[in-house]
Structure formats: C-alpha cells, structure tokens
Enquirer: 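First the structure, then my questions, so here it is.
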Number of protein chains: 2
Amino acid sequence: MDQVDIFKALSNKTRLLILKWLKDPALHFPEQERDFSEAGVCVGQIQKKARLTQSTVSEYLSLLQRTGLIESTRIGQWTYYKRNEAAFQLLKEQINKEL
Amino acid sequence: MDQVDIFKALSNKTRLLILKWLKDPALHFPEQERDFSEAGVCVGQIQKKARLTQSTVSEYLSLLQRTGLIESTRIGQWTYYKRNEAAFQLLKEQINKEL
DNA sequence: AAGATACATCGGGTTTTCCCGATAAACCAA
DNA sequence: TTGGTTTATCGGGAAAACCCGATGTATCTT
C-alpha cells in the first residue's frame, strides 16, 4: 500500500471517525458484550454508530483493511475489526520523517 | 481547515511530491537563482518538475495554500511558494496524538 | 502603448469517490 | 431443511477530484 492510498483512506470523515473509535472500543461501543481486546468490534456496531448503510460501512472497513490499518477476524456470523497498531506506528514514523 | 481536508490535499501523488520537494528547495530546484530561504520556489520551477500543465500546478498550489501547509509571496511577476513548517509541526502532533 | 512573461481562473471532459438499495454468501437456530 | 441474522458484493446515480486548454490579470521591458 502506497502512502497516497493511505492518505486517501484517511480523507473521509466517517473512515477517520471509525479509526478513532477503534482506539478505545470500550468507550465508544458500550453495547457489545464480547471482549474487545480479542478480536475488535463487529460491523453492525460500527454501522449503527456511523449512521450509514450496512453496505457502505462494510465497504469502508474493507478499504481500511486493504491499507493495513485495521485487521478482521471472523467469528461465527460476525466479523470483528480492530486497529493494527503496528501499522499506525509505522505510518506515524513515516509521516514524521518524510512529510 | 479540518483534518479531512488536509488528508485530501495529501492524497495526490503530485501534491505530496511538491510538499516533499519544498523541504529542500536547493536540492530539488537547482535552476532557480533567487535565494530560496526568503520566499520559496516560483510556480514555473515547480511546474517544470511536476510535468503537469501550468494551470493544474497553479491549482494544486492554491489548494495546498488553503490548507495552510504552504505560503505564497508575490515578487514582481513571480509567485514564490514555501512550506509553513509550523503548520506541518502542528499536523504531525495532531496525527501522533489523535490517529 | 505594445508585447512578452508569469501566474490565476474558468469551462469542461474524464475518472474516481461517495453512498445507496438489492442481492449473494456464510453461518446459526429450530 | 427452512428461516433468520450478519456481512460481503454488485450495480449504479450523484457528487467530487483530476487535469487539460483557453482566457484573464498582473507585471516587466522596450
């Protein structure tokens, strides 16, 4: 994934919010009962909070995953998404150095 | 200017390159005789290096200026652009904290 | 004043992004 | 197996971004 593509992923209000929400899932997704630390937050919870259609949010999550900024785990009928903090760390270092 | 607009400005190959070129003008714009440190690099030099039309590059520079990441100085018939390092510093701090 | 140079702005064709509804696919429960 | 739930994918209309050529504006030179 190239730097421009990462900035493209970040240049959308909802996608940026999702990434920030996932920094502290317990705070932003109090409804979910499963432990966040394992796998993350499921699509439905994110969709409800984002107030966009299911298809749009699913598309956004898949796009974010392609950048490497988040990862998914399928458990039963749910897909859980969480941040890939290593990727964020790398991105920040790149930005601090190159930008 | 909000964060999303800044990321939008960064999510273009040429604009990102321009910002990086302006980090070290003496290195990337050897043709220009005026001292870079005063005012920056003029549009023509940037356009030649970017290999896009004059109108496109002018548009890009104006967009970048609206984000606050660069500043312009008009001297005679030339417009010189340079980075606003304070804005970059602020952006990096925001990214490091919020992202 | 007239022409040349440097840059900005305008109008627009093409591509990409945004976001939706409909449908498909995977899984679970009865 | 049938029906319900959750997510992914598909098709597409509307809006935005990309990048161009043409034209306008400011400045300099002669």
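Predicted model, so just to flag it, every value in this text is computed and none were measured. Naming convention: chains lettered A, B, ... in sequence-line order (proteins, then strands); numbering from 1 in each chain.
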Enquirer: Tell me every residue that passes side chain to side chain donor-acceptor pair (under 3.5 Å) with B:Ser55, counting only those two or more places apart in sequence or in another chain.
Expert: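 B:Thr53.
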
Enquirer: When we call it a touch if two heavy atoms are under 4.0 Å apart, what does A:Ser58 touch: a base, just sugar-phosphate, or nothing?
Expert: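 Base contact.
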
Enquirer: Under a single-linkage definition using a 4.5 Å side-chain heavy-atom cutoff for Ile, Leu, Val, Met, Phe, Trp and Tyr, are A:Leu69 and B:Leu16 assigned to the same hydrophobic cluster?
Expert: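 Yes.
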
Enquirer: How does each nucleotide of nucleotides 20-30 of chain C score, in 5' to 3' order, for protein heavy atoms under 4.0 Å: base (B), sugar-phosphate only (S), or none (-)?
Expert: BBB----BS--

Enquirer: Please list, chain by chain and in numerical order, all residues satisfying side chain to side chain donor-acceptor pair (under 3.5 Å) with B:Arg74, sequence neighbours excluded.
Expert: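 Per chain and number, B:Arg74 pairs via side chain to side chain donor-acceptor pair (under 3.5 Å) with no residue.
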
Enquirer: Without decimals, in angstroms, what is the distance between A:Leu64 CG and D:dT7 C1'?
Expert: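 It works out to 16 Å between those atoms.
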
Enquirer: Flag yes if more than 12 heavy atoms outside B:Lys23 fall under 6.0 Å of its NZ atom; otherwise flag no.
Expert: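 Counting neighbours around NZ of B:Lys23, more than 12 heavy atoms of other residues, nucleotides or ligands fall under 6.0 Å, so yes.
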
Enquirer: To the nearest angstrom, how far is B:Tyr60 atom OH from D:dA17 atom C1'?
Expert: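 Those two atoms, OH and C1', are 8 Å apart.
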
Enquirer: Using the test side chain to side chain contact (heavy atoms under 4.5 Å, CB included), find all partners of B:Glu85 that sit at least two apart in sequence or belong to another chain.
Expert: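 Per chain and number, B:Glu85 pairs via side chain to side chain contact (heavy atoms under 4.5 Å, CB included) with B:Arg83, B:Phe88.
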
Enquirer: Test of understanding: with side chain to side chain donor-acceptor pair (under 3.5 Å), list the residues that count as partners of A:Asn96, not counting sequence neighbours.
Expert: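 Side chain to side chain donor-acceptor pair (under 3.5 Å) check on A:Asn96 returns B:Asn96.
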
Enquirer: Using the side chain to side chain contact (heavy atoms under 4.5 Å, CB included) criterion, which residues pair with A:Leu90? Sequence neighbours excluded.
Expert: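 Expected list: A:Glu93.
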
Enquirer: Do any side-chain nitrogens or oxygens of B:Tyr80 fall under 4.0 Å of OP1 or OP2 in C:dA6?
Expert: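 Answer is no, no contact under 4.0 Å.
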
Enquirer: List the residues meeting salt bridge (Lys or Arg N to Asp or Glu O under 4.0 Å) with A:Glu98, not counting sequence neighbours, and say none if there are none.
Expert: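 B:Lys20.
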
Enquirer: Strictly below 4.0 Å, heavy-atom distances to any atom of DNA chain D: list the hits from residues 5-21 of chain A, or just say none.
Expert: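 None - not one residue of the stretch has a heavy atom sitting under 4.0 Å from the strand.
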
Enquirer: What is the distance, to the nearest angstrom, from the CD atom on B:Gln47 to the P atom on C:dA6?
Expert: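 After rounding, the reported distance stands at 11 Å.
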
Enquirer: Residues two or more places apart in sequence or in another chain: which of them pass side chain to side chain donor-acceptor pair (under 3.5 Å) with A:Gln65?
Expert: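 Once residues adjacent in sequence are excluded, the partners of A:Gln65 under the side chain to side chain donor-acceptor pair (under 3.5 Å) criterion are A:Ser72.
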
Enquirer: Should B:Tyr81 be listed as having a side-chain N or O under 4.0 Å from OP1 or OP2 of C:dA8?
Expert: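 For C:dA8, OP1 or OP2 has a side-chain N or O of B:Tyr81 closer than 4.0 Å.
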
Enquirer: Rounded to the Å, how far apart are B:Ile70 CD1 and C:dC7 C1'?
Expert: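 From B:Ile70 CD1 to C:dC7 C1': 14 Å.
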
Enquirer: What is the distance, rounded to the nearest whole Å, between atom CG of A:Leu61 and atom P of C:dC18?
Expert: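 So the two atoms are 14 Å apart, to the nearest Å.
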
Enquirer: C:dC7 P sits how many Å from B:Lys48 NZ, rounded?
Expert: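 In whole Å, C:dC7 P and B:Lys48 NZ are 11 Å from each other.
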
